[in-house]
Amino acid sequence: MPSPPHIVTLFGLAFSLLLALGACRPEDASRVERIEKLRAIGISANPVVLTAPPPGTSGSIELTAYAALPPGASVSAQSFLDEGSTYNQPVPVVMTPGSETTQQMAALDIFSVKATATVGPLTAEQQVILATTGKLALRYGIQLDSGEESEKIVGNILVYPATAQEVTYQSVGVSVAEPLANATVSSGPDQVLSGTVTKPQSENIKVSWFVSSGKVANRRAKETKWEPEKTGIQTVIMTARGMKSGSFALQAVDVTVE
């Protein structure tokens with residue numbers, strides 16, 4: 001029987017994981033940062049936020065969903081309406097045919113797929129929300145499937161008035177500083193993971209690390225420690241997400257573990 005979908009909230013989003021520990025020791029449980037099956041890791045938007053379309057017109061925004069998974073697995077994508085959202089109105093998205101790409105790293109694949117959401121013409125209720133709060137958040141949903149694994153990603157499209165400072169937001173950037181691509185590291189504990197984040201605007205950043213093997217001491221820190229468990233070429237992924245803009249960036253590197 002196929003596994004039930006794992007719902008991942010991105011943009012305002014926080015990754016969630018249900019760990020069935022049972023009688024297992026904590027160290028035996030699946031770790032969030034270790035990619036052993038399909039896992040959604042983020043969504044980027046272009047533009048980062050949407051300027052409210054003039055009355056009677058519409059605007060569009062392109063979403064790119066990213067997932068990491070073991071090499072060679074196939075992934076399919078479909079949209080869905082997140083009608084269970086308590087605060088934000090759902091908006092349909094249309095998957096872009098032929099937009100699926102796979103970046104093949106040594107020990108992981110990074111899958112991406114694009115979708116477009118059309119916003120507008122805004123309803124009278126939405127115009128009131130925009131005028132009174134200065135922001136309109138619309139909820140989207142994308143589901144990724146690979147074999148028996150399924151991930152549901154939900155997030156917000158942010159709409160601002162044309163005069164708002166937020167419409168100038170740009171995407172964050174991320175770069176893995178250590179280990180460098182093609183570097184050689186030891187298989188024991190305390191291997192350094194560090195990276196840099198570029199912030200075009202002032203906002204807090206949420207960092208995440210993902211690895212093909214082992215465990216990360218603090219996967220939310222820009223500098224932390226990695227304990228790889230397998231030798232050979234392994235893959236490390238660093239992601240960053242702006243907490244106000246919702247913008248997203250990632251970088252993946254392959255390193256040799258001895």
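These figures come from a predicted structure and were not determined experimentally. When reading the values below, keep in mind they use all heavy atoms of this one structure, side chains included, and skip hydrogens, waters and symmetry mates.
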Evaluate L63 against T116 for side-chain contact (heavy atoms from CB on, under 4.5 Å), listing each step before the verdict.
CA-CA 6 Å; L63 306 170; T116 300; over 6 Å; no
Polar side-chain atom of R39 near backbone of V32 as donor-acceptor pair, under 3.5 Å:
yes
Residue pairs passing the salt bridge (charged side-chain N to carboxylate O under 4.0 Å, His left out) test where at least one lies in residues 246-258, sequence neighbours excluded:
none
State yes or no: do V255 and L193 share one hydrophobic cluster built from I, L, V, M, F, W and Y residues joined by side-chain heavy-atom distances below 4.5 Å, directly or via other members?
yes
Give a yes or no on whether L130 atom CG has more than 12 heavy-atom contacts from other residues, nucleotides or ligands under 6.0 Å away.
yes
Restricting to pairs with a member in residues 103-124, which pass salt bridge (charged side-chain N to carboxylate O under 4.0 Å, His left out), not counting sequence neighbours?
E62-K114
Is there a side-chain contact between L136 and L122 (heavy atoms, below 4.5 Å)?
yes
Under a 4.5 Å side-chain heavy-atom rule over Ile, Leu, Val, Met, Phe, Trp and Tyr, are V91 and I43 clustered together?
yes
Is there a path of hydrophobic side-chain contacts, each under 4.5 Å between heavy atoms of I/L/V/M/F/W/Y residues, joining F210 to W226?
no
Hey, is the main chain of T118 close enough, under 3.5 Å, to the side chain of S60 for a donor-acceptor pair?
no
Quick one, E203 with S245, criterion side-chain hydrogen bond (donor to acceptor under 3.5 Å, both in side chains). Give me CA distance, side-chain angles, the key distance, then yes/no.
CA-CA 8 Å; E203 62 178 328; S245 66; 2.9 Å; yes
Does NZ belonging to K135 count more than 12 external heavy atoms closer than 6.0 Å?
no
Heavy-atom donor-acceptor pair, T102 side chain to Q104 backbone, under 3.5 Å
no
Backbone N/O of Q165 and side chain of T168: donor-acceptor pair under 3.5 Å:
yes
Backbone N/O of S99 and side chain of T96: donor-acceptor pair under 3.5 Å:
no
Distance-only, no hydrogens or angles: does the E151 side chain make a donor-acceptor pair with backbone N or O of A40 under 3.5 Å?
yes
Determine whether L138 and N88 satisfy the following criterion, side-chain contact (heavy atoms from CB on, under 4.5 Å), listing intermediate values before the conclusion.
CA-CA 5 Å; L138 302 174; N88 302 325; over 6 Å; no
Taking side chain as C-beta onward, heavy atoms only, is V185 less than 4.5 Å from Q234?
no
For S247 and V172, indicate whether the former's side chain and the latter's backbone hold a donor-acceptor pair under 3.5 Å.
yes
Exam field: side chain N218 to backbone R220, donor-acceptor pair closer than 3.5 Å:
yes
Ignoring hydrogens and geometry beyond distance, is a side-chain donor-acceptor pair present between T184 and T256 at under 3.5 Å?
no
So do the side chains of T101 and Q103 get within less than 4.5 Å of each other, counting heavy atoms only?
no
Does any non-hydrogen side-chain atom of S79 lie less than 4.5 Å from one of V94?
no
Main-chain N/O of E229 paired with S187 side-chain donor or acceptor, under 3.5 Å:
no
So does S74 get a backbone contact from the side chain of S146, meaning a donor-acceptor N/O pair under 3.5 Å?
yes
Minimum side-chain heavy-atom gap I237-V211 below 4.5 Å:
no
So the salt bridge (charged side-chain N to carboxylate O under 4.0 Å, His left out) pairs with at least one residue in residues 70-86 (sequence neighbours excluded) are D82-R139
Out of curiosity, L180 CG to S175 OG, how far, rounded to the nearest 0.5 Å?
8.5 Å
Side-chain heavy atoms under 4.5 angstrom apart, residues restricted to Ile, Leu, Val, Met, Phe, Trp, Tyr: same cluster for Y140 and L50?
yes
Examine the side chains of Q89 and Q126 and answer whether a donor and an acceptor come within less than 3.5 Å of each other.
yes
Do F111 and I41 come within less than 4.5 Å of each other through their side chains, counting heavy atoms only?
no
Which pairs with one or both residues in residues 159-171 pass salt bridge (charged side-chain N to carboxylate O under 4.0 Å, His left out), sequence neighbours excluded?
none
May I ask you to test the I110-M105 pair for a side-chain heavy-atom distance under 4.5 Å?
yes
Is there side-chain contact between S112 and E100, with heavy atoms separated by less than 4.5 Å?
no
Same apolar cluster (I L V M F W Y, side chains within < 4.5 Å links), L144/M95
yes
If you count the non-hydrogen atoms of other residues, nucleotides and ligands that lie under 6.0 Å from NZ in K225, is the total more than 12?
yes
Applying salt bridge (charged side-chain N to carboxylate O under 4.0 Å, His left out), can you list everything that pairs with E33, at least two apart in sequence or on another chain?
R31
State which residues pass side chain to side chain donor-acceptor pair (under 3.5 Å) with Y169; sequence neighbours excluded, sorted by chain then number.
K244
